[in-house]
Amino acid sequence: MMSFRVAERTADALLTIDLDAVAANTRLFAERTAGELIAVVKADGYGHGAADVAATALANGASRLGVARLDEALALRDQGLSAPIISWLTDARDDAFAPAVDAGIELAVPSLAHLLSLARTDGVAKVHLHLDTGLARDGAEPARWIDLCRAAREAEFHGQVRVVGIMGHLAEADDPAAPSNSTGRRRFEWAVDVARLCGLRPHLLHLAATSATLTLPATHYSASRVGAGLVGIDLSRTTRLRQPMTLTAPLLAVRSVAAGTPAGYGHDWAAPRATRLGLVGLGYADGIPRSSAAGAHVLVRGRRVALAGRISMDQLVVDLADTGAMAGDEVTLFGPGDRGEPTIADWAGWSDTIEHEIVTRVGARVRRSVTATTLAVGARA
Ligand SMILES: *Cc1c(COP(=O)(O)O)cnc(C)c1O
């Protein structure tokens, strides 16, 4: 009673990245802030390709780049991006400071240890003193700020560093009414005052990321660091952004099953009626969250169909119901949503996470294709 049809010509799963969407989002953010736009392209541009997102952002209103780690900054230089780059998550003992300073990478300084390391490094590092404005994470504790500013002034006096900026980061900017936003902002302004009293003249003051840029104009100062927004993610849910990513895969095989046929590991799903099941060659090793299986849908032949059973490492099964879908048909896991396909936000909801986690986890074996109509990708020249 079971019948198989196998696709004659199997194509791989394909992640398409529409850089025109990144370009449009960048222009929106550049318009929303009076200050400079720092395009944050950490974690491979939130999974969209760091160099591509960087070049697109710089061509559409961003003037600077930001990354967490030094190796990310150096990789952008290697790919031909010459714009100012700031890197904010470094090890105070990092012997990579020398190549970074040599490559003109600007560094966030969250501690005296970082400052002293940089002061010992050849060349004059451009630094941004980094205050913790509420995350208890990578910025300097407020109690250490005065000492840090004094030491930075001293190092600047000796020609060892140049303090060009002050940065902070907000914990709850996606909820503009949260009291911690004004607390963070007051701390930040206090930090700028202290720095000036110590004789520093930082010109780049940056506190806002995506949400604060959209919802808290008082946090804009002279620059915003925007990452998620460039790739269409807005946790403040206030702004319509364009979605660059589309993930598709062919149906590798289709089979008919009787009512009650179980599918997948653990047999926690069984066909509620006689139906047809389709096999898709994407699994949790490709970034499809295993925890999403119960709620997840995909688009086949213009219709949304549910997953059948658990998501495996390399594959998942969908209940094709009466779509008439055949082996070889294209399945859309997510995209902008305008053809009825699920969005990244849907997948985030189904797996109880945020969109950031979905986009940064698409696996290395998924083939990628970048599309752009308007772009000269400098990094590729
Ligand atoms: C990731 C990050 C950003 C970018 O935040 P988005 O909300 O993605 O715009 C800005 N600043 C710091 C310190 C970050 O870690």
Without hydrogens or angle criteria, can the side chains of [X] and [Y] be said to hold a donor-acceptor pair below 3.5 Å?
X: T275; Y: D319; value: yes
X: R27; Y: N60; value: yes
X: S351; Y: T353; value: no
X: S117; Y: H114; value: no

Using a 3.5 Å distance criterion without hydrogens, assess whether the side chain of [X] forms a donor-acceptor pair with backbone atoms of [Y].
X: H169; Y: M167; value: no
X: S87; Y: A68; value: yes
X: T33; Y: S224; value: no
X: W350; Y: A296; value: no
X: N25; Y: L241; value: no
X: R77; Y: L81; value: yes
X: N181; Y: G184; value: no
X: E36; Y: A62; value: no
X: E31; Y: F29; value: no
X: R301; Y: G324; value: yes

Any side-chain heavy-atom pair of [X] and [Y] under 4.5 Å:
X: D322; Y: R303; answer: yes
X: R276; Y: S256; answer: yes
X: L277; Y: L320; answer: no
X: F97; Y: L70; answer: yes
X: V280; Y: V298; answer: no
X: T16; Y: L14; answer: yes
X: T248; Y: L333; answer: no
X: R64; Y: E106; answer: yes

Between H220 and H206, does the ring centre distance come in under 6.0 Å?
no
Should L65 and I86 be marked as a side-chain contact (heavy atoms from CB on, under 4.5 Å) after you check the CA-CA gap, both sets of side-chain angles, and the distance that decides it?
CA-CA 6 Å; L65 302 172; I86 173 176; over 6 Å; no
SB check [X] [Y] (cutoff 4.0 Å):
X: R93; Y: D91; value: yes
X: D18; Y: R242; value: yes
X: D12; Y: R368; value: no
X: E189; Y: R196; value: no
X: R153; Y: E156; value: yes
X: E154; Y: R150; value: no
X: R365; Y: D314; value: yes
X: D346; Y: R304; value: yes

Give a yes or no on this: more than 12 heavy atoms of other residues, nucleotides or ligands lie within 6.0 Å of atom [atom1] of [X].
X: D338; atom1: CG; answer: yes
X: D352; atom1: CG; answer: no
X: R69; atom1: CZ; answer: no
X: R240; atom1: CZ; answer: no

Do [X] and [Y] land in one hydrophobic cluster if side-chain heavy atoms of ILVMFWY residues count as linked below 4.5 Å?
X: L118; Y: V124; result: no
X: V370; Y: L15; result: yes
X: I105; Y: V101; result: yes
X: L207; Y: L135; result: no
X: V194; Y: L204; result: no

Just do the side-chain contact (heavy atoms from CB on, under 4.5 Å) check on L247 and T332 with the steps written out, would you?
CA-CA 6 Å; L247 179 62; T332 304; over 6 Å; no
Chi angles and distances behind the side-chain contact (heavy atoms from CB on, under 4.5 Å) call for Q315, L279:
CA-CA 7 Å; Q315 46 191 303; L279 176 66; 3.2 Å; yes
Is the ring pair H356/Y46 parallel, tilted or perpendicular, if the boundaries are 30 and 60 degrees?
tilted
Could you check W88 against H128 for side-chain contact (heavy atoms from CB on, under 4.5 Å), going step by step and ending with a plain yes or no?
CA-CA 9 Å; W88 54 76; H128 301 240; over 6 Å; no
Side chain to side chain contact (heavy atoms under 4.5 Å, CB included) against T183, all qualifying residues, sequence neighbours excluded
R186
